[in-house]
Q: 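One structure, pasted below without further comment.
So that the names make sense, note that chain A is the first sequence line, chain B the second, and so on, each numbered from 1. We use all heavy atoms of the structure for the numbers below, so side chains are in, but hydrogens, waters and symmetry mates are not.
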2 protein chains.
Amino acid sequence: MQVPPARRSNRERSDTTRQALLGAARALFVARGYAETATPDIVAAAGVTRGALYHHFEDKAALFRAVVAAEFEAVAADIAAAAPAAMDPVAALKSGGAAFLAAMQAEGRTRLLLLDAPAVLGRAGVDELDEARGGLNELQLGVEAAIAAGRFPVVPARPLALLLSSAFDRAALAVADGEAPATMQTVIEAVIDGLAADRTDPAGTVRL
Amino acid sequence: MQVPPARRSNRERSDTTRQALLGAARALFVARGYAETATPDIVAAAGVTRGALYHHFEDKAALFRAVVAAEFEAVAADIAAAAPAAMDPVAALKSGGAAFLAAMQAEGRTRLLLLDAPAVLGRAGVDELDEARGGLNELQLGVEAAIAAGRFPVVPARPLALLLSSAFDRAALAVADGEAPATMQTVIEAVIDGLAADRTDPAGTVRL
DNA sequence: ACTTGCATGCGTGCAGCCTGTATGTTATTT
DNA sequence: AAATAACATACAGGCTGCACGCATGCAAGT
């Protein structure tokens, strides 16, 4: 029997093709990297034409940006899903780090967010997307809380958050490359504990 | 008057064109990034033809790899030039970090080594070049020394070195983006001091 | 309700550029 | 003088972004 073009609203059509493009693009970007992935391959996998791609996205980089934005969203969601919330600031940083480490192990996530994204979108572009959905801001708030509670040394919160974020990223990369998660988690906690231990020193301990 | 082709040895010819290519490529990679730099532009700037480029380098990525390798070499040289050498392990890490931070401020170095290199050569490829000329190994040795001296917590040295290296990188990036070097240095020292402070705790201090 | 006009979603073809290689030419080494 | 290294030139294939064309959804007026 004939299939009458199944009258769909424009909104529906757009959404489905956008999703198809984003899905196909993500898979190929992960498998081959941004530079090695050609738009003809993407649209073939998505079952549409290049016309559709360039109708929905300004260019190949814009498509990539959309994929990365969705990925940040997913990371934030994964972390939020595992959030125990209210606890002391230092413990919160540690458990947040663990949650981040776990969330980043989703297939291809490290390549997408930590390898290709900075080169394609620039560091600033990545940070923008990251901050748009929690990420860095969340971490900075955690650092500020730890400082305010007197558990961390009094240093500029944003720069410290940047360094910690970078360390978390590298840890995620190491795990994705085969390093034991427990090992990286241990080292991360050593760094955080260090910052915290530092604090109690002048006031709460006596050095012999 | 005529310029007789000035008989030059093959070695000389190769060296000069290689240098011209590396120099021109570096400048363009820094100015526009790897992906946006075309080989025709590189050879035009170098005053040779694409034939020469593909005679000396397997492909565009190989040329980039050579540029990156030279840059790591330069970083190592800059750091070595500022090395005060023998001091206590923790102080050595701090001064090493400062030297690294300063060395990375050379024009375009952060873009080359921290943004494009990971995407083009892969994390493993970058680490390989880095280790080939000191870099990570140096840092790992420093960490091992601090641990051996009982100044750092007993954690796997390599992973900790990775995290610290990553933090240093991010600090260099921040400074290149306009952040005050003193600020980043302060934060880095806070992290290192934290790791060190941690250590004296069980043995050398009494917690009240 | 109908149709008229416009906007949206998408397919197709084209122009320009870029990479890598094959082939030719000149200079150097042996 | 033969062989080889250092380059120059020409070419093939592929990719990106845009211009254009077509069909369908949609909003308004009557």
Q: Ignoring hydrogens and angles, tell me if any N or O in the side chain of A:S166 forms a donor-acceptor pair with the backbone of B:S166 under 3.5 Å.
A: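 Pair found, side chain donor or acceptor close to backbone of B:S166.
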Q: Whole angstroms only, please: what is the CZ-P distance between A:F57 and C:dT8?
A: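 Distance, rounded to whole Å: 17 Å.
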Q: Can you measure B:E12 atom CD to C:dT28 atom P for me and round it to whole angstrom units?
A: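 So the two atoms are 10 Å apart, to the nearest Å.
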Q: For nucleotides 19-21 of chain C, give me every protein contact, N/O to N/O, under 3.5 Å, one pair per line with atom names.
A:
from	atom 1	to	atom 2	distance (Å)
C:dT19	OP1	B:T39	N	3.2
C:dT19	OP1	B:K60	NZ	3.4
C:dT19	OP2	B:T39	N	3.1
C:dT19	OP2	B:T39	OG1	2.5
C:dG20	OP2	B:Y54	OH	2.5
C:dG20	OP2	B:K60	N	3.4
C:dG20	N7	B:R50	NH2	2.4
C:dG20	O6	B:R50	NH2	2.7

Q: Rounded to whole angstroms, how far apart are CD on A:E36 and P on D:dT16?
A: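 Distance check: A:E36 CD to D:dT16 P gives 11 Å.
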Q: Can you check the B:I42 CD1 to C:dC18 C1' distance for me, whole Å?
A: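 After rounding, the gap between these two atoms is 12 Å.
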Q: Any luck finding a side-chain donor-acceptor pair between B:R8 and B:T16 under 3.5 Å?
A: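 B:R8 vs B:T16: donor-acceptor pair found between side chains.
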Q: Please work out if A:S14 contacts a base, only the sugar-phosphate, or nothing of the nucleic acid, heavy-atom cut-off 4.0 Å.
A: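 Sugar-phosphate contact only - A:S14 comes under 4.0 Å of backbone atoms but never of a base.
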Q: Can you tell me how far P of C:dG9 sits from NE2 of A:H56, to the nearest Å?
A: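 Rounding to the nearest Å, NE2 of A:H56 and P of C:dG9 are 6 Å apart.
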Q: List, one per line, each side-chain donor-acceptor pair under 3.5 Å for residues 179-192 of chain B, sequence neighbours excluded.
A:
from	atom 1	to	atom 2	distance (Å)
B:Q185	NE2	B:E189	OE2	2.9
B:T186	OG1	B:A182	O	2.8

Q: Between C:dT12, D:dC7, C:dG9, which nucleotide gets closest to the side-chain atoms of A:R13?
A: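 Closest nucleotide to the A:R13 side chain: C:dG9.
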Q: Of the listed nucleotides (C:dG11, C:dT29, C:dC10), which one gets closest to any side-chain atom of B:S9?
A: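 From the listed options, C:dT29 comes nearest.
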Q: What is the distance, rounded to the nearest whole Å, between atom CZ of B:R11 and atom P of D:dA6?
A: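 Rounding to the nearest Å, CZ of B:R11 and P of D:dA6 are 9 Å apart.
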Q: Would you say D:dA6 has OP1 or OP2 under 4.0 Å from some side-chain N or O of B:H55?
A: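 So the side chain of B:H55 is within the cut-off, an N or O lying under 4.0 Å from OP1 or OP2 of D:dA6.
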Q: Side-chain contact test, heavy atoms from C-beta onward, threshold under 4.5 Å: evaluate it for A:V68 versus A:V126 and give yes or no.
A: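 Not touching, per the 4.5 Å side-chain cut-off.
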Q: Considering only heavy atoms from C-beta outward, does the side chain of B:L136 approach that of B:L162 to under 4.5 Å?
A: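 Counting from C-beta outward, B:L136 and B:L162 do come under 4.5 Å.
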Q: Side chains of A:R50 and A:T39: any donor to acceptor distance under 3.5 Å?
A: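 Present: a donor and an acceptor within the cut-off.
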Q: In whole Å, I'd like the distance from the CG atom of A:L53 to the P atom of D:dC15.
A: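 Rounded to the whole Å, the gap is 14 Å.
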Q: Using the ring of B:Y54 (Phe, Tyr or Trp, six-membered ring only), decide whether B:K60 places NZ or CZ under 6.0 Å from its centre and within 45 degrees of its axis.
A: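 No, a cation-pi geometry is absent between B:K60 and B:Y54.
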